Number of protein chains: 2
Amino acid sequence: MVTIKDIAKQLGISVSTVSRALNDHSDIKKETKLKVLETVKELNYRPNSVARSLIHQRTYTVGLMIPDITDPFFSTISVGAQELLSEQGYQVIIGNTLRDSAKEKRFIESALERKMDGLIITPDHVDEELVEMLSNINIPVVFLRRRPSKLLKVPFVDVDHYKGACEAVEHLISLGHKGIGYIGIPIESPIAIDRFQGYKDTLKKHDIPYVSDFIQLSGGRTIQSGRIAMDQLISHIPEMTAIFAYNDLLAIGALESLAQHNIGVPDTISIMGFDDLEISNLYWIQLSTMSQPRNQMGRHAAETLLKMINHANTDDEIPDSILLDSVLINRNTCKKLTYQ
Amino acid sequence: MVTIKDIAKQLGISVSTVSRALNDHSDIKKETKLKVLETVKELNYRPNSVARSLIHQRTYTVGLMIPDITDPFFSTISVGAQELLSEQGYQVIIGNTLRDSAKEKRFIESALERKMDGLIITPDHVDEELVEMLSNINIPVVFLRRRPSKLLKVPFVDVDHYKGACEAVEHLISLGHKGIGYIGIPIESPIAIDRFQGYKDTLKKHDIPYVSDFIQLSGGRTIQSGRIAMDQLISHIPEMTAIFAYNDLLAIGALESLAQHNIGVPDTISIMGFDDLEISNLYWIQLSTMSQPRNQMGRHAAETLLKMINHANTDDEIPDSILLDSVLINRNTCKKLTYQ
DNA sequence: ATTTATTTCGGTAACGTTTCCGAAAACACA
DNA sequence: TGTGTTTTCGGAAACGTTACCGAAATAAAT
């Protein structure tokens, strides 16, 4: 490997002079600087950032831990983060954890050994072990799409799921719907709680009674689960004229079930999703839904992380957490209710 | 930061002893080794892999350059590569180039400065500048889904597009189709050439005349382009009874156009895609297509790269390139032709 | 007890940089 | 020419590790 020494030797000068030339220091003659730059080209020299990191105690590397890079949701977030970070000279190392908490811990451990400058993480469960681990860490961390435990003084960025759910249901109500069902997942994660609560609160706000028969909370968050849930709910048509689904996959599953039963959407029932996946815009689907600003989430997470990295010593305050708004995308699965 | 020195000081021993204890060297007393391990826990010490890299001239980092991590195709490939590499203690740095050749070059440059141990790349265009750049590189490189120029002694891994296209068309022919159209992209990339050639050769093999009116090569590789292309082709029904599309997106666009025109699939026309995207399995689509072993591609690329990294000095031969087979996925868009 | 063999350890250089400090070189002014 | 100031440079330590070599400590053999 060609190093700074080789350049120094070839020119008969010292390594420190070469270093100064390469780093645009002031105390160097223009002439020698040019000679150095020339030799750099000639020898095809490239600075060794490993050595640089060792000196500067900065690797210009940050870790981004996500559950599944294959999920366009997370890959778009990661693009947002990468865009901003690479502008600032940072490399991003993506940890694909597949929601496996052992993998999560291994990734964080490895990030620490590699002396990354910061960490953006989306842990699947914020369990005790993780909290314990994170509280002993000496690099900045920001939570993405997850809420840190109260013990952790860590900022997060997420979308306002509660507000989004309220808007979605509000939209349905504004179209005249009163019999509004909900297809969701078991009330465990904070996100599930927020969206469900938004649904319930908005009904209450409009004095619409909560009908537990219109609710299906079993199953996972897949198309398959949505189809099964809708199968259960189908007997409540036509009293039930609309459905708000926890996410687009469930909504699409519902659409599938309704298509199989030959029930028209939005003619006999309206469907509202949440997430705005790319497939939701497909010709056959055209799902009305709440779009989450994924790219922005990644950018904001990166921004707050950079703030923390740069103000590590000067300022002890951690940056504010951020809740972004989702936006309503109106396609073809919701219809104004007309009373005949 | 707590270093090896802190441990040495606390125990009153030398750093070299601590180092030996941590690296399972033979010439160390069991007793002291245990004491060291204990102190490591106590002080929450973590080895600094930056310093280690500097000594060993190995970073255990490889770069993976892809056009778009948001595309499930590439994200699945990257998962395959990551799985294998992380088993071997490597970290993967993903470079998302968005098919921008400036970004590509910057990524490679950065990989070199960071002294990555190897590179798996999917360059958008293999232009002269890139070839020039790559031929001056002193770390192993493997091409993924792209063919290196002949000047480059670099292995590649890809699927056999020609063979896959032959199989797809063969399938259509075996169902009795003779009027088989092709929706594709301009014949520029090697992949486009291979698939189109497979189409033409298979027709010829079965003495089916090549009808240029049945071919649409304009546009990009999006659903939109597929729809437009099909719009142009629709007048050739019913002589044309089947279509082989360059990829699933185009095929889905064709499906969209046919649905708009109320033309039954597969009743009046059969459609065959290539790629097997996740959306191709959707209830409304159920596209018959050729599935590419994406995860395997990533794994194979990683494997050959590791071979090159580990045999860097011992053996100068580069590993063989690999062509993987795609497999036919038969869903509901192809039908046996019945003559009435 | 002395010698020899074995185990265990410490000192030091090295990896490729940057940075500090002091010294040499160049310039300005009297 | 001498003094003072500024510019430019070189030497050396440091970042946190590992690896080599020789020395000390222990065990085994005579």
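Protein chains get the first letters and strands the later ones, always in sequence-line order, with residue 1 at the start of each. Everything numeric in this text was worked out from a predicted model, so none of it was measured.
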NA contact type, [X], heavy-atom cut-off 4.0 Å: base, sugar-phosphate, or nothing?
X	result
B/Arg58	nothing
B/Ser53	nothing
B/Ser49	nothing
A/Ser19	base

So which protein N/O to nucleotides 10-14 of chain C N/O distances come out below 3.5 Å?
| residue | atom | partner | partner atom | Å |
| --- | --- | --- | --- | --- |
| C/dG10 | OP2 | B/Ser14 | N | 2.9 |
| C/dG10 | OP2 | B/Ser14 | OG | 2.9 |
| C/dG10 | OP2 | B/Thr17 | OG1 | 2.3 |
| C/dG10 | N7 | B/Ser16 | OG | 3.3 |
| C/dG10 | N7 | B/Arg20 | NH2 | 3.2 |
| C/dG10 | O6 | B/Arg20 | NH1 | 3.0 |
| C/dG11 | N7 | B/Ser16 | OG | 3.4 |
| C/dG11 | O6 | B/Ser16 | OG | 3.3 |

Using whole Å, report how far [atom1] of [X] lies from [atom2] of [N].
X	N	atom1	atom2	answer
B/Arg46	D/dC15	CZ	P	21 Å
A/Leu112	D/dG16	CG	P	15 Å
B/Asp6	D/dG16	CG	P	9 Å
A/Asp24	C/dT19	CG	C1'	16 Å
B/Lys30	C/dT6	NZ	P	19 Å
A/Leu22	C/dG16	CG	P	15 Å
A/Asn48	C/dG16	CG	C1'	6 Å

[X], nearest nucleotide to its side chain (from [options]):
X	options	answer
A/Ala51	C/dG16, D/dC9, D/dT17	C/dG16
B/Lys29	D/dG16, C/dT8, C/dT17	C/dT8
A/Asn23	C/dT18, C/dT17, D/dT17	C/dT18
B/Lys5	C/dG16, C/dC9, D/dT17	D/dT17
A/Met1	C/dT18, C/dG16, C/dC9	C/dG16
B/Gln57	C/dG16, C/dT17, D/dC9	C/dG16

Spacing of [X] atom [atom1] and [Y] atom [atom2] [to the nearest 0.5 Å]:
X	Y	atom1	atom2	result
B/Met308	B/Asp117	CE	CG	13.0 Å
B/Leu134	B/Glu129	CG	CD	11.0 Å
A/Phe74	A/Leu144	CZ	CG	7.5 Å

Exercise. Flag the pair B/Arg99 and B/Glu104 as a salt bridge only when some basic side-chain nitrogen lies within less than 4.0 angstrom of an acidic carboxylate oxygen.
Key: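 No, this pair does not count.
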Practice problem: Indicate yes or no: does A/Glu87 engage A/Arg299 in a salt bridge with an N to O separation below 4.0 Å. | Solution: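 So A/Glu87 pairs with A/Arg299 through a salt bridge.
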Quiz item: When you check the phosphate oxygens OP1 and OP2 of D/dC9, does a side-chain N or O of A/His25 lie under 4.0 Å from one of them?
Solution: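 So the side chain of A/His25 is outside the cut-off, no N or O lying under 4.0 Å from OP1 or OP2 of D/dC9.
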Quiz item: Within the pair B/His56 and D/dA19, is there a side-chain N or O less than 4.0 Å away from OP1 or OP2?
Solution: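 Answer is yes, contact under 4.0 Å.
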Quiz item: Just one of B/Ile28, B/Ile7, B/Ile4 clears the side chain to side chain contact (heavy atoms under 4.5 Å, CB included) bar with B/Ser19, so which one?
Solution: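 That would be B/Ile4.
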Practice problem: Would you verify whether the NZ or CZ of B/Arg146 falls within 45 degrees of the ring axis of B/Phe143 while also being under 6.0 Å from that six-membered ring's centre? | Solution: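 Output no; distance or angle outside limits.
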Self-check item: First of B/Leu54 and B/Ile28 reached from the 5' end of DNA chain C, by closest nucleotide
Solution: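 Counting from the 5' end, the first nearest nucleotide belongs to B/Ile28.
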Quiz prompt | Worked verdict on B/Leu43 versus B/Gln10 for side chain to side chain contact (heavy atoms under 4.5 Å, CB included) | solution = CA-CA 10 Å; B/Leu43 299 188; B/Gln10 170 138 348; 3.8 Å; yes
